[in-house]
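Encoded as structure tokens, the structure appears first; notes follow it.
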There are 2 protein chains.
Amino acid sequence: MKNLLRPDLAFRLNGRLWVETPDDRFMGIGRLELLTLIQEHGSISKAAQQMGMSYKRAWDLVASLNAQSATPLVQTQTGGKRGGGAEVTPEGQQLIQEFRELQERFQEFLAAEAARLLL
Amino acid sequence: MKNLLRPDLAFRLNGRLWVETPDDRFMGIGRLELLTLIQEHGSISKAAQQMGMSYKRAWDLVASLNAQSATPLVQTQTGGKRGGGAEVTPEGQQLIQEFRELQERFQEFLAAEAARLLL
DNA sequence: ATGCGTTATATTTTGTCAAACATAACGCTA
DNA sequence: TAGCGTTATGTTTGACAAAATATAACGCAT
């Protein structure tokens, strides 16, 4: 069993997971982080800012999430005391939790596979 | 426990795995397919053609693979009876096998997780 | 009324990656 | 020697995604 990789190179097993519907993505690691930050800040724009993402992109992602959900995952309000805002609904929180746990199991899978990989 | 996704939408859990080194990708599903086809046809150009990939891209991928390997994974020859050709070395075959098996375990992981996912 | 911060939405610009295109070299064959 | 199919390599073009930019609307606060 030879070692394949150049000995001066470190390798890393990496990967991505996502949930897709027939013609759109539904959930992924980026949307998870976005939802989490919206929950934390109560604002799409603040969440976007913190992720270094344009507000438009964040808003589009929220729109995609809501469009594919039975009930809204993020409820928004325009105008008002703080200028408006957004909050993650209970269903959104459930999605956050499920996907976060899935991500954790995936990371465990990656670690286990990386350990047995011989390159 | 509510169902989150719109009932008219089917979801699919999907993902990607790859091996990366500090400043390049080393192995992934595309490279696996390319190596397999090179082995099958003994030619980079034929493999590229079959994948609907430009020859240049295929050649670049092979160059990247070889550049990161302790010993070449693909040996090439210019000119000669068939105009030249390429063959996958034993080390390349080992990489094919290891990564293919990893892919299979990953698919099993995805199937198992999809089954327990409630959306 | 005016201003503020936010959501909502369209349009334009930019960046990135792959495709397309273009040559050259190689070594057998005829 | 001319031709063929392949590897080898650089340059240009194109496509797509994300960012940037630009407005508008909203509803509270002052």
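Everything numeric here is computed off the predicted structure, so don't read it as measured data. Letters go in sequence order (proteins before strands), and every chain restarts at 1.
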Please list, in numerical order, the residues of residues 15-41 of chain B that have a heavy atom closer than 4.0 Å to any atom of DNA chain D.
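Hits under 4.0 Å, by residue number: none.
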Of residues 62-83 of chain B, the positions that come close to DNA chain D - non-hydrogen atoms, cut-off under 4.0 Å
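Thr76(B), Gln77(B), Thr78(B), Gly79(B), Arg82(B), Gly83(B), in order of number.
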With distance as the sole test, does Arg25(B) use its side chain to make a donor-acceptor pair with the main-chain N or O of Trp18(B) at under 3.5 Å?
no
When you measure from the side chain of Asn66(A) to the backbone N and O of Pro72(A), does any donor-acceptor pair fall under 3.5 Å?
no
Can you find a pair of side-chain heavy atoms, one from [X] and one from [Y], that are under 4.5 Å apart?
X: Leu110(A); Y: Phe106(B); answer: no
X: Asp24(A); Y: Thr21(A); answer: yes
X: Leu95(B); Y: Leu119(A); answer: yes

Mind jotting down which residue pairs meet the side chain to side chain donor-acceptor pair (under 3.5 Å) criterion with at least one end in residues 71-83 of chain A? Sequence neighbours excluded, please.
none
Give a yes or no on this: more than 12 heavy atoms of other residues, nucleotides or ligands lie within 6.0 Å of atom CZ of Arg16(B).
no
Would you mind checking if Glu20(A) and Arg12(B) are paired as a salt bridge, meaning a charged N to carboxylate O distance below 4.0 Å?
yes
Return no unless some side-chain N or O of Trp59(A) is found under 4.0 Å from OP1 or OP2 of dA8(C).
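Checking Trp59(A) against dA8(C): at least one side-chain N or O falls below 4.0 Å of OP1 or OP2.
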First and last nucleotide of DNA chain D, 5' to 3', lying under 4.0 Å from heavy atoms of chain B
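So the outermost contacting nucleotides come out as dG5(D) to dT11(D).
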Is there a donor-acceptor contact under 3.5 Å linking the side chains of Gln93(A) and Gln97(A)?
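There is no such pair between these side chains.
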Flag for Gln68(B)-Ser64(B): side-chain donor and acceptor within less than 3.5 Å
yes
Between the protein and nucleotides 10-18 of chain C, list the N/O to N/O atom pairs that are separated by less than 3.5 angstrom.
unit_1	atom_1	unit_2	atom_2	d
dA18(C)	OP1	Arg57(B)	NH2	3.3

CZ of Arg6(A) to CZ of Phe11(A), rounded to nearest 0.5 Å, is 15.0 Å
Please enumerate all residues that pass side-chain hydrogen bond (donor to acceptor under 3.5 Å, both in side chains) together with Ser69(A), with sequence neighbours excluded.
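Here no residue qualifies.
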